[in-house]
Amino acid sequence: MKDTTATRIDGKAFAATVRDKVAAHVARLKEESGITPGLAVVLVGEDPASQVYVRSKGKQTVEVGMNSYEHKLEADTSEADLLALVDKLNNDPAVHGILVQLPLPGHLDEDLVINSIDPAKDVDGFHISNVGLLGTGQKSMVPCTPLGCLMMLRDHHGSLSGMNAVVIGRSNIVGKPMAQLLLGDSCTVTIAHSRTRDLPEVVRRADIVVAAVGRPEMVPGDWIKPGATVIDVGINRIDAPEKGEGKTRLVGDCHFESCAAVAGAITPVPGGVGPMTIACLLANTLTACCRANGLPEPEGLTA
Ligand code: NAP
């Protein structure tokens with residue numbers, strides 16, 4: 001095995017600093033304006049992974065001093081009932097952020113539900129208005145995972161201007177908004193996907209690689225340009241017989257050891273992008289609250 005040379009970008013530590021900034025701003029907001037930001041999370045059904053995320057979001061929301069409102073609905077909730085709840089939350093002045101946990105059960109139209117959220121409260125940044133605002137370089141709510149990646153890249157590099165960035169993956173929640181954010185910071189951006197020809201050559205041109213594919217350890221070190229920064233969004237659970245029978249472990253979309261031997265900096269999995277996502281959700285809720293009340297936005301917590 002080669003020596004690991006890359007700087008490890010510690011997303012867990014960085015997320016803690018984001019949460020501290022949010023908590024300090026929330027405390028000032030309460031003291032100076034008597035306003036407490038509130039985040040409503042709607043969970044439909046009993047998907048075990050979603051239940052874990054929602055619990056974690058609720059806990060961290062309260063820890064930074066915000067109000068958390070959890071709405072747990074039965075898996076067979078009708079679309080009309082879900083839309084009625086979203087409408088109620090849209091009109092509740094104590095709620096500044098609304099997140100409908102995805103995926104929704106199959107009988108519910110995700111696009112319809114997401115687009116029924118007031119865009120100003122759409123802290124996931126998935127509403128079509130926010131997608132359009134981001135794409136045209138206007139003030140928007142930015143999806144949390146790509147926002148977290150951007151924050152880590154800015155923190156590591158300062159300016160990203162003129163860098164070649166390759167985003168692998170074109171999903172609406174990660175790849176596309178990530179590419180828009182990098183373009184907004186004046187990178188030269190390539191979006192790669194399953195039909196991209198000669199992906200290794202495309203990736204070798206990149207100063208910044210963001211991998212959001214969902215295929216365990218797909219990107220090996222010999223695709224990486226020496227000194228490049230690798231942001232690994234992938235979260236994949238694989239068998240780990242070395243840990244014992246039936247055991248598993250989490251890996252990213254990049255093969256960590258071989259990439260770290262070539263890259264200048266890399267995010268580990270776990271402990272890289274993952275923790276930044278909820279931290280950015282809290283940041284977005286604070287931003288939404290400040291905008292709703294005509295107050296200055298927190299610095300360094302938005303795109
Ligand atoms: P997704 O919707 O499944 O999109 C995957 C993308 O990868 C698609 O655009 C697909 O291309 C592309 N792709 C698939 N196989 C490929 C290949 N062989 N070569 C090049 N591109 C390929 O996934 P997602 O929701 O963006 O999530 C991606 C990963 O990030 C997953 O592991 C997910 O768990 C993780 N994730 C992590 C966080 C976090 O908080 N850290 C948040 C969200 C997601 P096509 O469009 O051509 O099919």
Side-chain angles (χ1 to χ4, degrees), residues 1-20 22 41 47-61 63-64 99 101-103 124 143-156 167-169 171 173-175 177-178 208-221 223-224 228-284:
M1 194 190 307
K2 286 189 261 177
D3 285 342
T4 298
T5 54
T7 303
R8 243 176 123 97
I9 299 178
D10 186 344
K12 200 171 164 201
F14 197 89
T17 68
V18 171
R19 287 196 302 272
D20 287 349
V22 172
V41 177
D47 178 67
S50 295
Q51 283 179 327
V52 173
Y53 292 140
V54 167
R55 213 174 304 132
S56 192
K57 283 166 187 171
K59 183 168 167 279
Q60 293 190 36
T61 304
E63 279 170 1
V64 295
L99 182 150
Q101 184 67 45
L102 301 179
D124 251 344
C144 303
T145 300
L147 178 58
C149 297
L150 182 76
M151 282 185 188
M152 290 194 287
L153 284 166
R154 283 179 176 169
D155 183 66
H156 185 72
V167 180
I168 318 176
S171 71
I173 62 165
V174 190
M178 185 74 247
I208 294 170
V209 180
V210 180
V213 183
R215 293 173 78 101
E217 301 178 320
M218 186 190 89
V219 179
W223 291 14
I224 303 297
T229 299
V230 177
I231 304 290
D232 192 347
V233 182
I235 302 178
N236 309 290
R237 190 165 284 285
I238 60 166
D239 292 339
E242 71 282 3
K243 287 169 71 179
E245 205 185 307
K247 297 283 184 195
T248 59
R249 66 189 173 98
L250 289 181
V251 296
D253 289 341
C254 301
H255 184 267
F256 184 81
E257 277 153 16
S258 63
C259 288
V262 187
I266 185 166
T267 58
V269 178
V273 176
M276 287 298 289
T277 298
I278 297 184
C280 287
L281 172 68
L282 305 176
N284 276 351

Q: Quick one: side-chain contact (heavy atoms from CB on, under 4.5 Å) partners of I173, sequence neighbours excluded?
A: F126, S171
Q: From the options I231, V230, V210, V233, select the one residue that forms a side chain to side chain contact (heavy atoms under 4.5 Å, CB included) with T267.
A: I231
Q: Got a second to check how far L99's CG is from K57's NZ, nearest 0.5 Å?
A: 4.5 Å
Q: Between atom CG of L281 and atom OG1 of T61, what is the distance when rounded to the nearest 0.5 Å?
A: 6.0 Å
Q: Distance check, rounded to the nearest 0.5 Å: M276 atom CE versus L150 atom CG?
A: 9.5 Å
Q: If every non-hydrogen atom of R237 is compared with every non-hydrogen atom of T248, which pair is closest and at what distance?
A: NH1-OG1, 2.8 Å
Q: Under the side chain to side chain contact (heavy atoms under 4.5 Å, CB included) rule, what do I278 and C144 come out as? Steps first, then yes or no, please.
A: CA-CA 7 Å; I278 297 184; C144 303; over 6 Å; no
Q: Quick check: closest heavy atoms across C149 and V273, and the distance to 0.1 Å?
A: SG-CG1, 3.8 Å
Q: Working to the nearest 0.5 Å, report the span between NE2 of H255 and CG of D232.
A: 11.5 Å
Q: Which pair of heavy atoms, one from V251 and one from V269, lies closest together, and at what distance?
A: C-CG1, 3.6 Å
Q: Has T7 got a side-chain atom pairing as donor or acceptor with A265's backbone, closer than 3.5 angstrom?
A: no
Q: Measure the CZ-CD distance between R19 and Q60 for me, rounded to the nearest 0.5 Å.
A: 5.0 Å
Q: Which atom pair, heavy atoms only, marks the closest approach of I238 to P216?
A: CG2-CB, 3.7 Å
Q: Calculate, to the nearest 0.5 Å, the distance between atoms SG and CD1 belonging to C254 and I266 respectively.
A: 6.0 Å
Q: What pair of heavy atoms forms the shortest contact from M152 to G11, and how long is it?
A: SD-CA, 4.0 Å
Q: So, do T145 and C280 sit near enough that their side-chain heavy atoms are less than 4.5 Å apart?
A: no
Q: Judged by atom type as modelled, is there a donor-acceptor pair below 3.5 Å linking the side chain of D253 to the main-chain atoms of E217?
A: no
Q: Using the test salt bridge (charged side-chain N to carboxylate O under 4.0 Å, His left out), find all partners of E245 that sit at least two apart in sequence or belong to another chain.
A: none
Q: Is any side-chain heavy atom of H156 closer than 4.5 Å to one of F14?
A: no
Q: Which pair of non-hydrogen atoms, one from Y53 and one from Q101, has the smallest distance, and what is that distance?
A: CD1-NE2, 3.8 Å
